[in-house]
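Letters A, B, ... mirror the listed sequences (proteins, then strands); counts begin at 1.
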Amino acid sequence: MNTILVIGGTSDIGRAIALRFAAAGWRIQIAGRDTAGLAREAADIAARTTSDVSVHRLDILSGPSFVAFLDSLGSLPDVAVSVVGLLGDARRAEADPSHAADVMRSNFEGPALLLGELAERFVSRGSGVLIGISSVAGERGRASNYVYGASKAGFTAFLSGLRNRLARHGIRVVTINPGFVRTKMTAAIKLPPIVTAEPGEVADAVFASATGKRRGDVLYVRRIWSPIMLVIRSIPETVFKRLSL
Amino acid sequence: MTRLSGWGRYPGADVALLRPGAPGDVKAALHDVDGVIARGNGRAYGDAAIGTRACLSILALDRVLAFDPGSGRVTVEAGMQVNDLIATFLPRGFFPPVVPGTCFPTVGGLIAADAHGKNHHRDGGFGDQVEALTLQLASGETCILTPENALFAATVGGMGLTGVVLDATFTLRRVESGLIRQQTIVAGNLRAAMAALDEGDAAQYSVAWIDASATGATLGRSLVFLGQHATAADVGAERAHASLAARPPARLAVPFDLPAFTLNRASVAAFNTLYFRKGAMRAGASFLVPHAPYFFPLDAISGWNRIYGARGFLQHQCVLPLATAEAALAEIMQRVAARGTASPLAVLKKLGAGHGLLSFPLPGFTLALDFAVSDDIFGFLDDLDAIVLRAGGRLYLAKDARQSRPMFEAGYPRLAEFRKIRQQVDPAGKFASQLSRRLGL
Ligand SMILES: Cc1cc2nc3c(=O)[nH]c(=O)nc-3n(C[C@H](O)[C@H](O)[C@H](O)COP(=O)(O)OP(=O)(O)OC[C@H]3O[C@@H](n4cnc5c(N)ncnc54)[C@H](O)[C@@H]3O)c2cc1C
Ligand SMILES: NC(=O)c1ccc[n+]([C@@H]2O[C@H](COP(=O)([O-])OP(=O)(O)OC[C@H]3O[C@@H](n4cnc5c(N)ncnc54)[C@H](OP(=O)(O)O)[C@@H]3O)[C@@H](O)[C@H]2O)c1
């Protein structure tokens, strides 16, 4: 039986991913800092499916704890997906360095270091799939949320380099850019419907990618994001700086 | 502030919308607010799920807490929706014990309205299925209630006014397939329709579509739809098994408000005649249908509430005691046909007794009619209310947006008991909706 580790199991996207794999009979490991929230998800997954679910405590800002965390999993997962992230308050991050640092560390440093550690173990085993949930916000810095965007850009670049290094070891590294997703992170924001996915669509994309049914190293959940981002990336900086996107 | 209305899109109000992420967050969310009411998925038609100041959305409370595959007993958070219950448990051979005419309500909403299904005559309402529930009180405490508690009887059908239901335990029905064996009976007039529903008491499910345009000798002509869960013996083991996991088809959508004149006397009468003829062609022997079109025919078109135009619409749903039902129904149907603006979606059903202090059902017949909001509709519906009142009937709070306080008070004989309990558990009136303010609940 296959096992997936969902890092950030209390998020709406993480929950949807765990349920998607559980429905297909996978063993589930969910990790996060909110142990009561994780227990709630574990009970839900176990009741809705017949899968085996285990809960693991993890603070993504505490790098030194990662080795002990991975040792505590019991068995090394076949697939690991990092869903952890922090949108933060963009206005606050502009002027409050400690908040900006939290955003950078939660989206980049923590997930990158943990996936890096997992990569070492996957290489010595000789198999595994690493999936990072990054963001289209990482493809261009924008006035409205560049701290978040920059941290996602860092994560995306890290995944790209890791992919490049691990390709010859038979370890796959996949970057998922969800576009907008209707979750509690975005509950208060009015999102345009055609470019906004449900958490279940992100889960379907992750599942299809992990099981080899959807090819590609960098995926947009809704494919319409691919041409949109092509345009956004190609606007010259001299023009871009005057736009408000 | 968020603009909210019920399914009928009338009336609307601006309220603060609170969104706790988990049951444990509800207490903190309620702290410091009053004039607040729980809100499920907004499928009540009128003003029941709009607070006087705030709404507490329970949609994020949708986890399953426990499921026993041996007995089908399940404990779920109150924001879990009927469609999720079905998608999760039908593949494992279980169906909710009571479902309303749409699959989008939440468990909390079904308890607060003590919703009836097409099996009310046999199995009672959703509230009758509940073995235990957890209620968040105005005081900040939570309590676990079982049917023996007086507060349980006030909460079932209590429209959110006793507190917030956090979770509930009930037992799912074991089924062998996802299909319904349906039989259609053609009833040429009101008396025949009532007789067919009486005979349908033996059926697991029964409901009638009634032609609100028919007059004279065909007044009240109906198609009576009887149904029961198809067994493996009915359809063969393989098909039965496959049907459990079958997904409902994709939904069509009404993309914008239709102009108010779309549903006029001629178009509705034409639709009704066609629908009646088409249904009548399938009358006689039973046939198999997936459960979704049998239970939730309107859900096939998302946003169908927009066909009534931007002003919204009202549903008038009354229940009439067995003894007075026939005469009162005839009088109502005559007035509606004469007015000529009722919707094509008119439903007649038989109900049994309700057990919550404010439960809508009583042994008799219930009739539900939709009307676009217009300047003169309110007076017309007041006249229908007078007929209901004389017949000893009442109106369904989950559909109501406009009945008068005297009409309401006359229909609900256990109101004093309800008010007394509410006074005890929420003396300051922390929980209040537009409906409770309008009706002095
Ligand atoms: C197409 C259609 C068909 C329908 N058919 C039927 C039918 O056949 N039979 C029937 O009985 N009803 C029927 N209904 C009505 C519907 O079942 C009820 O209005 C139900 O209450 C809606 O649930 P909801 O989750 O959308 O609740 P909402 O509409 O959001 O709220 C309804 C009431 O429940 C209260 N409430 C919601 N959640 C909680 C909670 N957690 N704790 C305390 N109170 C709460 C609210 O305060 C409010 O008073 C139908 C509605 C539609 C739109
Ligand atoms: N929603 C969107 O529109 C959207 C778009 C693009 C990308 N994304 C990305 O998708 C991912 C999930 O987002 P979401 O919308 O589901 O938001 P979310 O619910 O806020 O998810 C964030 C997750 O990260 C966890 N987390 C944050 N800091 C942590 C820490 N220090 N230690 C451990 N866990 C921590 C959170 O745990 P707690 O529950 O303990 O807080 C939560 O599980 C994020 O990476 C986000 O950037 C989302």
A.B. asks: With a 6.0 Å cut-off (strictly less than), is the heavy-atom count around CD1 of A:Ile189, excluding the residue itself, greater than 12?
C.D. replies: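 Count over threshold, so yes.
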A.B. asks: Tell me whether the count of non-hydrogen atoms from other residues, nucleotides or ligands lying under 6.0 Å of NE2 in A:His99 goes above 12.
C.D. replies: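 Atom NE2 in A:His99 is crowded, with more than 12 foreign heavy atoms closer than 6.0 Å.
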A.B. asks: Rounded to the nearest 0.5 Å, what separation is found between the OG1 atom of A:Thr49 and the CZ atom of B:Phe67?
C.D. replies: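 Between A:Thr49 OG1 and B:Phe67 CZ, I get 11.5 Å after rounding to 0.5 Å.
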A.B. asks: Under 3.5 Å, which donor-acceptor pairs do the side chains of residues 5-15 of chain B form with other protein atoms, sequence neighbours left out?
C.D. replies:
residue: B:Arg9; atom: NH1; partner: B:Asp257; partner atom: OD1; Å: 3.0
residue: B:Arg9; atom: NH2; partner: B:Asp257; partner atom: OD1; Å: 3.2
residue: B:Asp14; atom: OD2; partner: B:Arg3; partner atom: NH1; Å: 3.3

A.B. asks: Between A:Ala187, A:Ala47, A:Gly37, A:Ala46, which residue shows the highest count of heavy-atom pairs closer than 4.5 Å to chain B?
C.D. replies: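 Most heavy-atom pairs under 4.5 Å with chain B: A:Ala47.
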A.B. asks: Counting only heavy atoms from other residues, nucleotides and ligands, does the tally under 6.0 Å from CZ of B:Arg73 exceed 12?
C.D. replies: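 Atom CZ in B:Arg73 is not packed in, count stays at 12 or less.
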A.B. asks: With chain A as the partner chain, list the residues of residues 56-64 of chain B whose heavy atoms fall under 4.5 Å from it, by residue number, and write 'none' if nothing qualifies.
C.D. replies: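 So the qualifying residues are B:Ala60, B:Leu61, B:Asp62, B:Arg63, B:Val64.
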A.B. asks: With a 4.5 Å heavy-atom cut-off (strictly below), which parts of residues 126-133 of chain B touch chain A? List them by number.
C.D. replies: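 Under the 4.5 Å heavy-atom cut-off, nothing qualifies.
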A.B. asks: Near A:Leu191 CG, under 6.0 Å, is it more than 12 heavy atoms from other residues, nucleotides or ligands?
C.D. replies: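 Correct, the count exceeds 12.
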A.B. asks: Would you name the heavy atoms of A:Arg40 and B:Ala22 that are closest together and state the gap between them?
C.D. replies: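 Looks like NH1-CB, 3.4 Å.
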A.B. asks: Counting only non-hydrogen atoms closer than 4.5 Å, can you tell me which residues of residues 80-98 of chain B sit against chain A?
C.D. replies: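 Only B:Met80, B:Asp84, B:Thr88, B:Phe89, B:Arg92 of residues 80-98 of chain B have a heavy atom under 4.5 Å from chain A.
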